[in-house]
S.K.: 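My questions will all concern the structure given below.
Below, all heavy atoms of this structure are taken into account, side chains as well, without hydrogens, waters or symmetry copies.
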Amino acid sequence: MSEQTTAGQATTEQATAARRPPRPLRHVHRDPAAAPFIVIWEATRACPLACRHCRAEARPDRDPAELTTAEAAGLMRQITAFGRPAPLFVITGGDPFERPDLYELIAEARALGLSPAVSPSATPALTPRSLARVREAGASVISLSLDGASAAPHDAFRGFGGVFDRTLDAWRAARDAGLKVQVNTTVNRTNLTDLPGIARLVHEYGALLWSVFFLIPTGRGRALTSLTARETEDVLNFLYDVGRTVPVKATEAHHFRRVALQRHVLAERGADHERALGLGPLYRDLRERALDTGLIGAERTRRPPIDVNAGRGLVFVSHTGEVSPSGFLPLTAGNVREQPLTDIYRTSPLFTALRDTGRLTGRCGACEFRAVCGGSRSRAFAVTGDVLAEEPWCAYEPGSFPYPRELAGLL
């Protein structure tokens, strides 16, 4: 076969791919029972902030029982034992900058073939120099939290003044250092109407991803007022709308995948999604605000959500080595000081149960979307005490979507 023919075929294939509608979902190209897609390590619980939603209930001082530098390196070697491609590896906290060995740990991760990302808090330790050192050590991505479109709501949520401005300064400094920036926002009743403004900042400053967290009532988050299931539907559909302008990920709102499938089918059918999905006044308000700031109507390729869930592609390791399906799900399956992470992830009864969507109960168990959604196991446990119970923040009634035939080919 000639080079010209091969090149012509490649051009034809590229043109065909460009004409295909975007995929509504992404799937992990690896058996989630064999290896996680992402490993999140809580390097420390120490943090000088007092954020109102903090899962870790962070404290000012480090815990003497934290994994040592050598034990942390051992954890990273356990992660590499899952094979290639290596799972994504996130170093979080508390504030990872509270560990003086942070740069050494990043360099060790890189030397082992991992691609470490760091999730710091916006404290005085987050300086242009510290961010440059993170990049020099081998990290390529950091995440920053933004919970308001202006200083007042964000700083109130974080418990200290000046945090909003420090976050924007760190965002600029991270980009200057060559780091990609993920922006994390925790949806709560105090910042609902701020979401379009936050999305505008994400768009203007530029970010690898806008990860929108849906509150789990655990840790300090138990004191915050929850959204209703219908409000959650409105927010998820708003996020879908702005997904053409900013790359969006919904964290602990796994039914965003169901929304993506529904909206994809409704668009192909030319149906009114607002009427078909019964969206409410919050959705209309958020959409109008987004339209006013030019956040709807862009033509960038939408980032499809990926089918990862607690214990099914995701594993969390605490600062003391305890292994959980998620940082928001305080159930322990083992400890990396006593048992390899590979064994815990692959064989523990907790993890194997979470990967079996046939064991889900209530509406989740009856739902046609359960294999790609599964609901937030963390929220189900926090609200009901049953890790396999139905998702409390989902309003969908199984079997009610009006186009089941078109949907079947996508599930």
S.K.: Could you go through Leu67 and Thr320, starting from their C-alpha distance and side-chain angles, then the distance that decides it, and tell me whether this counts as side-chain contact (heavy atoms from CB on, under 4.5 Å)?
M.R.: CA-CA 5 Å; Leu67 296 184; Thr320 58; 5.9 Å; no
S.K.: List for me each residue that meets side-chain hydrogen bond (donor to acceptor under 3.5 Å, both in side chains) alongside Trp41, sequence neighbours excluded, and say none if there are none.
M.R.: none
S.K.: Identify the heavy atoms of Leu286 and Thr193 that sit nearest to each other, and give their distance.
M.R.: CD2-CA, 4.3 Å
S.K.: Taking Glu108 for the side chain and Leu105 for the main chain, is one N or O donor matched with an acceptor at less than 3.5 Å?
M.R.: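 Checked: no pair found.
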S.K.: Under 4.0 Å between a side-chain nitrogen and a carboxylate oxygen: does that hold for Asp63 and Arg45?
M.R.: no
S.K.: Looking at Ala260 and Tyr240, what are the two nearest heavy atoms and their distance?
M.R.: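 That closest heavy-atom pairing would be CA-CE1, 3.7 Å.
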S.K.: Please report the interatomic distance CG(Leu410) to CD(Gln262), rounded to the nearest 0.5 Å.
M.R.: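 It is 11.5 Å, given to the nearest 0.5 Å.
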S.K.: Would a 4.5 Å heavy-atom cut-off, applied to side chains only, mark Pro87 and Pro36 as touching?
M.R.: yes
S.K.: Can you tell me how far the CZ atom of Arg258 sits from the CG atom of Leu236, to the nearest 0.5 Å?
M.R.: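 If we round to the nearest 0.5 Å, Arg258:CZ and Leu236:CG are 7.5 Å apart.
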S.K.: Under the salt bridge (charged side-chain N to carboxylate O under 4.0 Å, His left out) rule, what do Glu231 and Arg189 come out as? Steps first, then yes or no, please.
M.R.: CA-CA 10 Å; Glu231 288 171 331; Arg189 194 162 294 285; 2.7 Å; yes
S.K.: Taking all heavy atoms of Val163 and all of Ala122, pick out the closest pair and write down the distance.
M.R.: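 Distance-wise, the nearest heavy atoms are CG1-CB, 3.7 Å.
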S.K.: Please collect all salt bridge (Lys or Arg N to Asp or Glu O under 4.0 Å) contacts where either partner lies in residues 388-406, sequence neighbours excluded, each pair once.
M.R.: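 Only Arg269-Glu406, Arg363-Glu390, Arg379-Glu391 qualify under salt bridge (Lys or Arg N to Asp or Glu O under 4.0 Å).
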S.K.: Side-chain contact test, heavy atoms from C-beta onward, threshold under 4.5 Å: evaluate it for Leu266 versus Leu277 and give yes or no.
M.R.: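 With C-beta onward as the side chain, the pair touches.
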S.K.: If you measure from CG on Leu282 to CG on Asp234, what distance do you get to the nearest 0.5 Å?
M.R.: 5.0 Å
S.K.: Start with the C-alpha gap between Thr245 and Ile296, add the side-chain angles, then the distance that decides, and say whether side-chain contact (heavy atoms from CB on, under 4.5 Å) holds.
M.R.: CA-CA 7 Å; Thr245 304; Ile296 295 177; 5.8 Å; no
S.K.: Quick check: do Leu279 and Arg287 have side-chain heavy atoms less than 4.5 Å from each other?
M.R.: no
S.K.: Please say whether the positively charged group of Arg289, taken as NZ for Lys or CZ for Arg, lies over the ring of Phe238, i.e. under 6.0 angstrom from the six-membered ring centre and within 45 degrees of the axis.
M.R.: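 That pair does not qualify as a cation-pi contact.
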S.K.: Are the side chains of Val118 and Phe89 in touch, meaning some heavy atoms are under 4.5 Å apart?
M.R.: no
S.K.: Is the backbone N or O of Arg23 less than 3.5 Å from a side-chain atom of Arg302, with the two atoms forming a donor-acceptor pair by type?
M.R.: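 No, the answer is negative, given that no donor and acceptor are paired below the 3.5 Å cut-off.
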S.K.: Measure from the side-chain N and O atoms of Ser324 to the backbone N and O of Leu331, and report whether any donor-acceptor pair falls under 3.5 Å.
M.R.: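 Checking the backbone N and O of Leu331 against the side chain of Ser324, a donor-acceptor pair under 3.5 Å is found.
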S.K.: Could I get the full list of side-chain hydrogen bond (donor to acceptor under 3.5 Å, both in side chains) partners for Gln339, not counting sequence neighbours?
M.R.: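 For Gln339 there are no side-chain hydrogen bond (donor to acceptor under 3.5 Å, both in side chains) partners, ignoring immediate neighbours.
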S.K.: Taking only residues two or more places apart in sequence, or in another chain, which ones meet Asp272 in a salt bridge (Lys or Arg N to Asp or Glu O under 4.0 Å)?
M.R.: Arg275
S.K.: Can you find a heavy atom in the side chain of Asn309 that is under 4.5 Å from one in the side chain of Leu354?
M.R.: no
S.K.: Quick one about Glu42 and Thr92 (side-chain donor to acceptor, distance below 3.5 Å, no hydrogens or angles considered), yes or no?
M.R.: no
S.K.: If we ignore angles and hydrogens, is there a donor and acceptor under 3.5 Å between the side chains of Thr123 and Ser121?
M.R.: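 Note: Thr123 and Ser121 side chains miss the donor-acceptor criterion.
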S.K.: Could you please spell out the steps behind the salt bridge (charged side-chain N to carboxylate O under 4.0 Å, His left out) verdict for Glu136 and Arg110?
M.R.: CA-CA 11 Å; Glu136 291 162 5; Arg110 178 60 71 177; over 6 Å; no
S.K.: Any Lys/Arg nitrogen of Arg263 or Glu268 sitting under 4.0 Å from an Asp/Glu carboxylate oxygen of the other?
M.R.: no
S.K.: Scan the side chains in residues 173-183 for donor-acceptor partners under 3.5 Å anywhere in the protein, sequence neighbours excluded, and list what turns up.
M.R.:
residue : atom : partner : partner atom : Å
Arg175  : NH1  : Tyr205  : O            : 2.2
Gln182  : NE2  : Asn184  : OD1          : 2.7

S.K.: Are Arg133 and Tyr103 in a cation-pi setup, meaning NZ or CZ lies under 6.0 angstrom from the ring centre and within 45 degrees of the ring axis?
M.R.: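 Yes.
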S.K.: Report the C-alpha distance between His273 and Tyr283 in whole Å, list the side-chain angles of each, state the deciding distance to 0.1 Å, and finish with yes or no for ring-ring contact (aromatic ring centres under 6.0 Å, His included).
M.R.: CA-CA 11 Å; His273 66 274; Tyr283 170 73; 5.7 Å; yes
S.K.: Do the side chain of Arg377 and the main chain of Val387 share a donor and acceptor less than 3.5 angstrom apart?
M.R.: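 Checked: pair present.
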S.K.: Between the side chain of Ser130 and the main-chain N/O of Ala125, is any donor-acceptor distance below 3.5 Å?
M.R.: yes
S.K.: So, taking the atom named CD in Glu322 and the one named CG in Asn335, what distance separates them when rounded to the nearest 0.5 Å?
M.R.: 4.5 Å
S.K.: Are the side chain of Arg303 and the backbone of Pro247 linked by a donor-acceptor contact shorter than 3.5 Å?
M.R.: no
S.K.: Using a strict cut-off of less than 4.0 Å between a Lys/Arg side-chain nitrogen and an Asp/Glu carboxylate oxygen, indicate whether Arg284 and Glu274 qualify as a salt bridge.
M.R.: yes
S.K.: Answer yes when Arg62 and Glu98 have at least one side-chain N-carboxylate O distance shorter than 4.0 Å, and no when they do not.
M.R.: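 A salt bridge is absent here (no side-chain N lies under 4.0 Å from a carboxylate O).
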S.K.: Between Phe37 and Ile306, is there a side-chain heavy-atom distance shorter than 4.5 Å?
M.R.: yes
S.K.: Looking at every heavy atom in both Pro153 and Gly148, which two are closest together, and how far apart are they?
M.R.: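 So the two residues come closest at CG-CA, 4.2 Å.
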S.K.: For the pair Asp95 (side chain) and Pro120 (backbone), establish whether a donor and an acceptor sit closer than 3.5 Å, ignoring hydrogens and angles.
M.R.: no
S.K.: What pairs of residues pass the ring-ring contact (aromatic ring centres under 6.0 Å, His included) test when at least one of them lies in residues 360-391, not counting sequence neighbours?
M.R.: Phe369-Tyr396
S.K.: Any side-chain heavy atom of Phe214 sitting closer than 4.5 Å to one from Val235?
M.R.: yes
S.K.: Side chains of Leu114 and Met76: does their closest heavy-atom pair fall under 4.5 Å?
M.R.: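 Yes, close enough: below the 4.5 Å cut-off.
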S.K.: Would you say the side chains of Glu252 and Ser376 form a donor-acceptor pair under 3.5 Å?
M.R.: yes
S.K.: Between atom CG of Leu126 and atom OG1 of Thr167, what is the distance when rounded to the nearest 0.5 Å?
M.R.: 7.5 Å
S.K.: What is the distance from atom OG1 of Thr251 to atom CG of Leu209, rounded to the nearest 0.5 Å?
M.R.: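 One gets 7.5 Å once the value is rounded to the nearest 0.5 Å.
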S.K.: Do you know the tightest heavy-atom contact between Leu341 and Gln78?
M.R.: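 Scanning both residues, the minimum pair turns out to be N-OE1, 2.7 Å.
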S.K.: Is Arg355 close enough and on-axis enough to Tyr345, meaning under 6.0 Å and within 45°, for cation-pi?
M.R.: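 Yes, a cation-pi geometry holds between Arg355 and Tyr345.
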S.K.: Is a side-chain donor or acceptor of Arg346 paired with a backbone partner of Ala33 at a separation under 3.5 angstrom?
M.R.: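 The answer is no, because no donor-acceptor pair under 3.5 Å joins these two groups.
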S.K.: Between Arg370 and Cys367 (side chain of the first, backbone of the second, donor and acceptor by atom type, cut-off under 3.5 Å), is there such a pair?
M.R.: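 Side chain of Arg370 to backbone of Cys367: a pair is present.
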S.K.: Taking Leu75 as the fixed residue, which of Val39, Val336, Val323 is the one that meets the side-chain contact (heavy atoms from CB on, under 4.5 Å) rule?
M.R.: Val336
S.K.: Indicate yes or no: does Asp169 engage Arg166 in a salt bridge with an N to O separation below 4.0 Å.
M.R.: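 Looking at Arg166 together with Asp169, the answer is no, because their closest N to O distance does not fall below 4.0 Å.
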S.K.: Which atoms form the tightest heavy-atom contact between Ser119 and Pro96, and what is the distance?
M.R.: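 Smallest heavy-atom distance, with atoms named: O-CD, 3.3 Å.
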S.K.: Keeping the roles fixed (side chain from Asp147, backbone from Thr186), state whether a donor-acceptor pair exists under 3.5 Å.
M.R.: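 Yes.
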